[in-house]
Asker: 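Supplied in structure tokens, the structure appears directly below.
Indexing begins at 1, ligand by ligand and atom by atom, following the structure's order.
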Amino acid sequence: MAQEYQKVALIGLGLIASSMFWGIKRAGLAVEVTGYARSAETRETAREIGLCDRVCDSAAEAVEDADLVVLCVPVGAMAAVMEEIGPVLKPGATVSDVGSVKRAVIEAVTPHLPGGVHFVPAHPLAGTEQSGPRSGFAELFDNRWCILVPDGAEAEATARLHRFWQGLGSNTDEMDADHHDLVLAVTSHTPHLIAYTMVGVADDLRRVTDSEVIKYSAAGFRDFTRIAASDPTMWRDVFLTNKDATLEILGRFTEELFALQRAIRQGDGDMLHDYFTRTRAIRRGIIEAGQDTEAPDFGRVPVRKG
Ligand SMILES: NC(=O)C1=CN([C@@H]2O[C@H](COP(=O)(O)OP(=O)(O)OC[C@H]3O[C@@H](n4cnc5c(N)ncnc54)[C@H](O)[C@@H]3O)[C@@H](O)[C@H]2O)C=CC1
Ligand SMILES: O=C(O)C(=O)Cc1ccc(O)cc1
């Protein structure tokens, strides 16, 4: 695999940065990878487990002479990091990020971007509910999508970042920032909010039913608890910075929920059956189109019709 960049700097050493580091090493995508995290404890852990070729005690030191700098911090921390590193970035370097929201990151980063430095925002659509420097693994991005949001960035800098993410195992695509934020509000952000809410409801209920909610929880609820265990800082920032799109989708969700609530109250079985038939067809369409990259193998066997 070609080395697209001599030196890569990772700022924020959590799940995504640590997975990127192990993936870069697996594919030999850079000569040196430096890293920085705000907390001394995280930097210490990183040194202990060999995460990064060199762990630096400041972001400015980590990005010195770097050809690619990837901001792997929560979305709300991007501006402060950029303000610190902006003045010391190498001319011709590329800055990128992995934030779950794109418009807010562009607004946070652009004011601190020096002339002659490229900015190519990106979002790997891959993650887990784990966080921190010990949680990463090289395979996280394999066969997953990474969306690039060039927003006017130079074509060659963008093409290099595509090749870099492909080297990490991902399929890559491009999107406009606002479109990205709306799509992700539907596919990721609002579902996370629903999971948080459902687990909160069950927790309230648990006080009445003791441990039954957890003891007898079926797969659907277990998935909710996994998602609701995701990092609170990261998700707080997602909702604060993708406010409009999330509120738009949440509004639609609430309307649908009220419609289903009314059908249940009125005993309208036809409405419920039609609704569930439509949603089942969507799921089957995804599987038949071969786009269900998350499903276990049994999800790929031909789906029974009818
Ligand atoms: N967790 C996931 O599943 C995914 C997360 N993302 C995005 O990737 C980014 C990083 O997320 P994770 O790696 O999961 O988070 P994480 O919580 O595992 O790691 C974040 C790291 O950033 C550091 N940090 C926080 N504020 C900082 C600051 N001001 N300066 C320097 N370091 C700081 C933390 O100490 C930690 O090392 C977020 O923007 C998130 O939206 C993108 C795709 C998936
Ligand atoms: O763990 C899960 O189910 C996820 O949805 C992972 C994830 C979280 C945030 C992102 O911006 C992208 C992917």
Side-chain angles (χ1 to χ4, degrees), residues 9-23 34-47 49 51-52 55-63 69-85 96-102 104-106 108-109 121-137 140-141 144-147 149 165 168 170 175 180-181 183-196 222-242 245-246 293-295:
L10 303 173
I11 308 300
L13 297 176
L15 169 74
I16 301 299
S18 55
S19 298
M20 288 181 75
F21 174 73
W22 301 120
T34 56
Y36 168 74
R38 187 181 46 169
S39 111
E41 192 186 335
T42 302
R43 297 199 297 273
E44 204 38 56
T45 303
R47 289 186 181 113
I49 63 175
L51 174 62
C52 293
V55 177
C56 303
D57 287 324
S58 77
E61 187 191 339
V63 306
V69 175
V70 190
L71 309 179
C72 305
V73 298
V75 173
M78 300 275 180
V81 170
M82 254 324 275
E83 192 174 6
E84 185 186 343
I85 65 172
S96 186
D97 77 296
V98 293
S100 303
V101 180
K102 297 277 54 105
V105 172
I106 291 169
V109 166
H123 181 198
L125 303 187
T128 73
E129 72 284 10
Q130 307 291 334
S131 56
R134 294 183 191 275
S135 57
F137 51 100
L140 179 66
F141 309 113
R144 306 303 299 267
W145 284 102
C146 182
I147 309 290
V149 181
W165 274 103
L168 287 173
S170 292
M175 254 186 217
H180 166 278
D181 290 353
V183 169
L184 267 291
V186 178
T187 59
S188 176
H189 305 166
T190 308
H192 270 78
L193 199 68
I194 293 164
Y196 280 122
R222 277 177 194 270
D223 285 348
F224 278 160
T225 62
R226 183 189 71 76
I227 290 169
S230 301
D231 186 69
T233 305
M234 172 191 151
W235 284 98
R236 175 201 63 193
D237 288 0
V238 166
F239 293 116
L240 292 180
T241 57
N242 200 18
T246 308
T293 54
E294 283 283 68

Asker: Run the numbers for me: atoms of ligand 1, each under 4.0 Å from some heavy atom of V81, listed by number.
Answerer: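 The list of qualifying atoms is 30 (N).
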Asker: Under 4.0 Å from ligand 1, counting heavy atoms only, is it the side chain of A126, its backbone, both or neither?
Answerer: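 Under 4.0 Å from ligand 1, A126 contributes backbone atoms alone.
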Asker: V75 heavy atoms, cut-off 4.0 Å: which ligand 1 atoms fall inside?
Answerer: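 Going through ligand 1 atom by atom, the ones under 4.0 Å from V75 are 39 (O).
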Asker: Below 4.0 Å, non-hydrogen atoms only: which portion of M234 touches ligand 2? Side chain, backbone, both or neither.
Answerer: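 The answer is the side chain of M234.
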Asker: Where's the contact between E129 and ligand 1, heavy-atom distance under 4.0 Å: side chain, backbone, both or neither?
Answerer: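 No part of E129 comes within reach of ligand 1.
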Asker: Please output the side-chain donor-acceptor pairs of residues 9-18 that fall under 3.5 Å, not counting sequence neighbours, one pair per line with the distance.
Answerer:
residue	atom	partner	partner atom	Å
S18	OG	G14	O	2.6
S18	OG	L15	O	3.2
S18	OG	G136	N	3.2

Asker: Which atoms of ligand 1 have any heavy atom of L13 under 4.0 Å away?
Answerer: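 So the answer, numbered in order with elements, is 21 (C), 37 (O).
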Asker: Hey, looking at atom 10 (C) of ligand 1, which of C72, A59, G14 has the closest heavy atom?
Answerer: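 Nearest option to atom 10 (C) of ligand 1, by heavy atoms: C72.
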Asker: Please tell me if atom 33 (C) of ligand 1 is touched by the protein, where touching means a protein heavy-atom distance below 4.0 Å.
Answerer: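 True for atom 33 (C) of ligand 1.
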Asker: To check your reading of the model: name the closest protein heavy atom to atom 27 (C) of ligand 1, its residue, and the distance in Å.
Answerer: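 Here the nearest protein heavy atom works out to R38 NE, 3.7 Å.
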Asker: Just which atoms of ligand 1 are under 4.0 Å from any heavy atom in S100?
Answerer: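 Those atoms are 6 (N), 7 (C), 40 (C), 41 (O), 42 (C).
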Asker: Would you say W235 contacts ligand 2, with heavy atoms under 4.0 Å as the rule?
Answerer: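 For ligand 2, residue contact (heavy atoms, under 4.0 Å) with W235 is present.
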Asker: With a 3.5 Å cut-off and sequence neighbours excluded, list the donor-acceptor pairs that the side chains of residues 187-195 form with protein atoms.
Answerer:
residue	atom	partner	partner atom	Å
T187	OG1	V183	O	3.0
H189	ND1	N242	ND2	3.1
H189	NE2	S100	O	3.4
T190	OG1	A185	O	2.7
H192	ND1	S188	O	2.9

